[in-house]
Amino acid sequence: MTREIIIYPDKRLKLISEEVTQFDESLHNLLDDMYDTMVSKNGVGLAAIQVGVPKRVLVINIPIKDEDQGRDQPRENTLEIINPVFEERHGSTVFQEGCLSVPSVYEDVDRFEFVKISYQDRHGNRHEIENDDFLAIVIQHEIDHLDGKVFIEKLSFIKRKKFEKEWKKSGKIK
Ligand code: CO
């Protein structure tokens, strides 16, 4: 079932999401709904707070490097990342990002080039993943949401001002 996506500058996007301690049916329902919501909007990633749930839960829907070639089940490619922690990050890169909570806005953002994270799956089992490609960008963007940050807050002062002005004009601020 899809859920409604919270749109910037809703204050809930500023919340620091809490660690998941119960790997139960309500978590599984949340993950399933987040997947449906992300896919319905053609997104590549979604954090739980974007559907109003302040928990450290992400879904990411891009193929894992070298591992998922040739699979045709999108759901199998979906990463479910719970309680992620950065283990390593280095290098720097610039990538044009967008966000389902800031629709139709795309801006260059500075990120680490390489990240390694540890996280838990829907059953609480621990995993690690590392990447130096698009997935690394998406992971950083989504973990920012868990810490109450939206990508446009990483823009330069001038670009941010321009964004806020245009966002207001677009009528998305009530
Ligand atoms: Co986002």
Side-chain angles (χ1 to χ4, degrees), residues 2-20 30-31 33-65 68 74 77-121 127-157 159-160 162-164 166-167 172:
T2 60
R3 300 194 192 187
E4 196 184 330
I5 293 180
I6 287 176
I7 302 299
Y8 180 88
D10 191 302
K11 282 195 174 71
R12 285 172 287 177
L13 290 170
K14 288 202 160 298
L15 291 173
I16 310 286
S17 294
E18 288 177 5
E19 287 230 347
V20 172
L30 172 65
L31 283 161
D33 286 357
M34 284 171 65
Y35 173 79
D36 291 343
T37 305
M38 172 176 64
V39 167
S40 77
K41 300 283 185 187
N42 294 315
V44 294
L46 191 71
I49 190 59
Q50 292 180 275
V51 292
V53 180
K55 294 221 160 116
R56 303 190 83 79
V57 175
L58 311 173
V59 291
I60 292 178
N61 197 35
I62 55 171
I64 302 166
K65 205 179 176 186
D68 290 317
N77 283 335
T78 301
L79 275 172
E80 297 180 338
I81 295 180
I82 295 147
N83 300 333
V85 176
F86 285 111
E87 300 294 343
E88 262 180 68
R89 35 187 177 174
H90 55 72
S92 67
T93 187
V94 177
F95 200 88
Q96 192 176 60
E97 298 184 17
C99 181
L100 293 177
S101 291
V102 196
S104 309
V105 174
Y106 300 91
E107 292 285 356
D108 284 347
V109 179
D110 295 323
R111 296 286 184 188
F112 292 102
E113 185 179 25
F114 172 92
V115 300
K116 179 178 177 182
I117 58 164
S118 57
Y119 64 97
Q120 286 168 282
D121 63 23
H127 303 272
E128 284 187 342
I129 191 167
E130 55 178 61
N131 189 268
D132 62 359
D133 211 335
F134 183 47
L135 177 60
I137 307 292
V138 179
I139 286 171
Q140 293 172 81
H141 176 113
E142 299 308 332
I143 290 179
D144 269 358
H145 277 301
L146 303 184
D147 295 323
K149 287 180 266 175
V150 178
F151 80 107
I152 40 128
E153 291 161 352
K154 295 180 77 77
L155 301 180
S156 69
F157 180 74
K159 273 183 150 180
R160 176 79 189 274
K162 188 165 165 262
F163 159 78
E164 295 290 351
E166 282 169 5
W167 192 249
K172 283 167 183 144

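Contact check for V94 versus V109: no side-chain heavy atoms found under the 4.5 Å cut-off. In this structure, the side chains of V105 and E107 come closer than 4.5 Å at one or more pairs of heavy atoms. Using a 4.5 Å heavy-atom threshold, the side chains of L135 and L79 count as touching. With a 4.5 Å cut-off on side-chain heavy atoms, I60 and V44 do not count as touching.
E166 pairs by the side chain to side chain donor-acceptor pair (under 3.5 Å) definition with nothing, not counting sequence neighbours. Annotation: side chain to side chain contact (heavy atoms under 4.5 Å, CB included) contacts of R89 (sequence neighbours excluded): F86, F112, V115. For S40, the side chain to side chain contact (heavy atoms under 4.5 Å, CB included) criterion is met by T2, not counting sequence neighbours. Residues that satisfy the side chain to side chain donor-acceptor pair (under 3.5 Å) test with K149, not counting sequence neighbours, are absent from this structure. Annotation: salt bridge (Lys or Arg N to Asp or Glu O under 4.0 Å) contacts of K41 (sequence neighbours excluded): none. For I7, the side chain to side chain contact (heavy atoms under 4.5 Å, CB included) partners two or more places apart in sequence, or in a different chain, are I5, P103, W167. Residues passing the salt bridge (Lys or Arg N to Asp or Glu O under 4.0 Å) test with D10 are R12, sequence neighbours excluded. Evaluation of the salt bridge (Lys or Arg N to Asp or Glu O under 4.0 Å) rule for E87 yields no partner, not counting sequence neighbours. Taking the salt bridge (Lys or Arg N to Asp or Glu O under 4.0 Å) definition, one finds that E113 meets it with nothing, sequence neighbours left out. Remark: D147 engages R56 in a side chain to side chain donor-acceptor pair (under 3.5 Å) (not counting sequence neighbours). For E80, the side chain to side chain donor-acceptor pair (under 3.5 Å) test picks out R75, R122, with sequence neighbours left out.
From I49, atom CD1 reaches atom NE2 of H145 across 10.0 Å, with rounding to the nearest 0.5 Å. Atoms OG and CD, from S118 and E88 in turn, are 11.0 Å apart once rounded to the nearest 0.5 Å. Distance check, rounded to the nearest 0.5 Å: CG of L46 to CG of D36 gives 11.0 Å. We find the CD1-OG distance between I143 and S17 to be 11.5 Å, quoted to the nearest 0.5 Å. Here the straight-line distance linking atom CG of L58 with atom CD1 of I117 works out to 7.5 Å at 0.5 Å rounding. Summarising the geometry, atom CG belonging to L146 is positioned 12.0 Å from atom CD belonging to E18; distances are rounded to the nearest 0.5 Å.
The backbone N or O of A136 sits less than 3.5 Å from a side-chain atom of N131, completing a donor-acceptor pair.
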Trace of the side-chain contact (heavy atoms from CB on, under 4.5 Å) decision for V150 with D144: CA-CA 7 Å; V150 178; D144 269 358; over 6 Å; no
Hey, mind stepping through Y119 and V85 against side-chain contact (heavy atoms from CB on, under 4.5 Å) and telling me if it holds? CA-CA 6 Å; Y119 64 97; V85 176; over 6 Å; no
For V53 and R3, run side-chain contact (heavy atoms from CB on, under 4.5 Å): C-alpha distance rounded to whole Å, both residues' side-chain angles, the deciding distance at 0.1 Å, then the answer. CA-CA 11 Å; V53 180; R3 300 194 192 187; 3.9 Å; yes
With ring pair (Phe, Tyr, Trp, His ring centres under 6.0 Å) as the criterion, how do F163 and Y8 come out once you've worked through the C-alpha distance, each side chain's angles and the decisive distance to 0.1 Å? CA-CA 12 Å; F163 159 78; Y8 180 88; 5.7 Å; yes
Can you check side-chain contact (heavy atoms from CB on, under 4.5 Å) on V59 and I81, steps first, answer last? CA-CA 6 Å; V59 291; I81 295 180; over 6 Å; no
Going through the distances and angles, do E164 and K159 end up as a salt bridge (Lys or Arg N to Asp or Glu O under 4.0 Å)? CA-CA 9 Å; E164 295 290 351; K159 273 183 150 180; over 6 Å; no
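Shortest non-hydrogen contact noted between M34 and V57 is CE-O, 3.6 Å. Smallest separation of non-hydrogen atoms from H127 and D121: NE2-OD2, 2.7 Å.
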What donor-acceptor contacts under 3.5 angstrom involve side-chain atoms of residues 95-102, with partners at least two apart or in another chain?
residue: E97; atom: OE1; partner: R111; partner atom: NH2; Å: 3.0
residue: E97; atom: OE1; partner: H141; partner atom: ND1; Å: 2.8
residue: E97; atom: OE2; partner: R111; partner atom: NE; Å: 2.8
residue: S101; atom: OG; partner: I6; partner atom: O; Å: 2.7
residue: S101; atom: OG; partner: Q50; partner atom: NE2; Å: 3.0

